[in-house]
Each structure stands twice: as C-alpha cells, then as structure tokens.
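Scroll down for the structure; my scribbles are underneath it.
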Amino acid sequence: MLGDHGALRLAYDATHVVDPGRVWRTYQPSPGRLKKLKALGIRTILNLRGDQPSGFYFLEEEACEALGLKLATFRAYSREAPSAEFLHGARALFKEMEYPVAMHCKSGADRVGLMSTLYLYFEKGVPLRQALGQLSLKYGHVRAGKTGVIDYAFEKFLAYADARGLPADVDLFFKWVDGDYDPKETKREFLGSWWGNLLTERILRRE
C-alpha cells in the first residue's frame, strides 16, 4: 500500500478498454481489483513488471490462483528503447494468449501503454500514429521524461517510412527493427527535459 503506491490506486482507477471485450489496460491490481476484472470476463492477467520475487507479485500470484485466472508475465521496460527481441516477443505473445486479457504494469502508464500500442498496431491493424494514442498524458505517460524514449523509438521508424514514401505497416516495421534500428543508439540520442525527468524519476518514481 505504501512502497508500491497501492494507496493511490484506491482513489484513482487507471483501468481502460483497449479492445472492447478482448483487452484492457490497468495498473498493479489488488486482489479486489482482480476480482472485478474477472467479473468482466477476463481470463488472463498479463504482468509486465516481471516475476521477480516481491510482495506485489506474490500477492497477485496467490489471488489469481484463488480466482482461477491465468497469470502470464512478460517483462517490459519504461526507460529503454524496445529491443528487437522484445518486439518480436510481444507479437508472438499476442498470438498465444488466452483472451480476454488485462495487461498491467505498476502505474498503468508507460509499459502497458507500450503494449497497448503494439497490440492495436500488430493485431488490429490500427495505424501506428493512431495507436500511439495509448502513450499519452491521458493515461499518465510523460513523454518529456526518460519514459519518452519509447515514443522516440516509434518516431524514428515513422521518419524512416516517411523518408522512403512507404506505408508504416507492420511488415516494414519489422524490416526496420531487424535492419536499421539500434535500440542502444536510440536511447543515447534521446534526452528528456529536466522537469520531465524530475517528474518520472523522483516524484512518480516510475519503474
């Protein structure tokens, strides 16, 4: 409730529909929240924080087992340019998961925004520029901080497609990912603003 900002989640509900009847996005769910998610028909909980030993993970694991929910883990990062391995893994995961699914990270802003963007782009054919609406201040994502490196990576791809006069479709995206894209260089190039970094690193303490 204190160390993991659980108390804040009692007052603010960051649960949103990504794909009606199929995919939701949310924050770290309490046992009570998991019960509400199951009542919506959700079968799988996708934890984007990883399965490292921690109180929040053990609590979630125990509650999912008691409720008959499948708990899947797929580690995402909020301050890294997504790697090729991560992007290919996400695409495969969307094909393999048992739906309906609720995806979550800690605050329901950055990592789950990334995965929501990828889901709409990969699975629903939503244009990338439109799908990037899942990474917005509306959901608590601060692109002016270090977390903005996620946006910057997608912007580099869109610039790549525009420069060649090509549609920014999924096939071209993975051609770029497996060719010209360099996540380490992308991270080095990106600089968040001082106030954005202060907000994400010190005040919000994003993972």
Side-chain angles (χ1 to χ4, degrees), residues 1-78 80 82-83 85-126 131-136 138-141 147 150 170 204-207:
M1 295 300 287
L2 296 178
D4 204 48
H5 291 174
L8 294 178
R9 301 181 196 119
L10 296 177
Y12 174 67
D13 185 0
T15 303
H16 303 277
V17 175
V18 177
D19 184 12
R22 189 170 170 85
V23 178
W24 284 256
R25 57 179 290 171
T26 189
Y27 45 53
Q28 176 66 49
S30 66
R33 173 62 58 182
L34 288 168
K35 187 175 182 179
K36 291 179 180 179
L37 291 172
K38 182 179 180 179
L40 293 173
I42 287 166
R43 297 179 181 177
T44 301
I45 302 298
L46 177 59
N47 167 25
L48 301 174
R49 302 178 74 180
D51 58 359
Q52 68 272 26
S54 56
F56 67 79
Y57 181 75
F58 294 144
L59 187 65
E60 180 177 21
E61 186 177 45
E62 181 181 89
C64 282
E65 183 176 356
L67 291 165
L69 291 167
K70 182 177 180 179
L71 177 61
T73 59
F74 184 70
R75 185 71 183 270
Y77 299 89
S78 65
E80 302 287 337
S83 68
E85 180 182 14
F86 172 86
L87 294 165
H88 280 285
R91 190 182 193 184
L93 181 65
F94 294 141
K95 300 292 185 186
E96 297 166 0
M97 287 193 300
E98 182 180 357
Y99 294 87
V101 171
M103 307 185 291
H104 79 82
C105 52
K106 178 181 179 181
S107 302
D110 306 309
R111 290 169 289 184
V112 81
L114 165 61
M115 286 294 282
S116 298
T117 296
L118 294 177
Y119 170 81
L120 291 175
Y121 183 42
F122 294 167
E123 288 293 299
K124 304 300 291 185
V126 175
L132 283 169
Q134 294 291 323
L135 282 164
S136 72
K138 170 185 176 181
Y139 302 112
H141 175 66
T147 47
I150 299 171
V170 176
L204 297 176
R205 291 189 296 156
R206 293 286 165 78
E207 286 184 343

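Values in this document were obtained by computation on a predicted structure and should not be read as measured data.
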Over all atoms of both residues, closest heavy-atom pair of Arg25 and Ala109: NH2-O, 3.4 Å
Evaluation steps, side-chain contact (heavy atoms from CB on, under 4.5 Å), between Arg49 and Arg111: CA-CA 8 Å; Arg49 302 178 74 180; Arg111 290 169 289 184; 4.0 Å; yes
Chi angles and distances behind the side-chain contact (heavy atoms from CB on, under 4.5 Å) call for His104, Asn47: CA-CA 5 Å; His104 79 82; Asn47 167 25; 3.4 Å; yes
Minimum heavy-atom distance Met115-Leu46, with the two atoms named: CE-CD2, 4.1 Å
Residues which pass side-chain hydrogen bond (donor to acceptor under 3.5 Å, both in side chains) with Tyr119, listed by chain and number, not counting sequence neighbours: Asp19, Arg22
Residue pair Gly21 / Pro100: nearest heavy atoms and the distance that separates them: O-CG, 3.5 Å
Nearest heavy atoms of Val18 and Ser116, plus distance in Å: CG2-OG, 3.5 Å
Euclidean distance, Tyr27 OH relative to Arg33 CZ, rounded to 0.5 Å: 3.5 Å
Euclidean distance, Thr26 OG1 relative to His16 NE2, rounded to 0.5 Å: 8.0 Å
Stepwise side-chain contact (heavy atoms from CB on, under 4.5 Å) check, Tyr57 with Leu71: CA-CA 10 Å; Tyr57 181 75; Leu71 177 61; 4.0 Å; yes
Qualifying residues under side-chain contact (heavy atoms from CB on, under 4.5 Å), relative to Val17, sequence neighbours excluded: Pro20, Trp24
4.5 Å side-chain heavy-atom contact, Leu34 and Cys64: yes
Over all atoms of both residues, closest heavy-atom pair of Ala131 and Thr117: O-OG1, 3.3 Å
Nearest-0.5 Å distance that lies between atom CG in Leu118 and atom CZ in Phe86: 6.0 Å
Val170 and Arg91: CA distance, side-chain angles, deciding distance, side-chain contact (heavy atoms from CB on, under 4.5 Å) verdict: CA-CA 10 Å; Val170 176; Arg91 190 182 193 184; 3.7 Å; yes
Least distance between heavy atoms, Thr147 atom then His141 atom: O-CE1, 3.4 Å
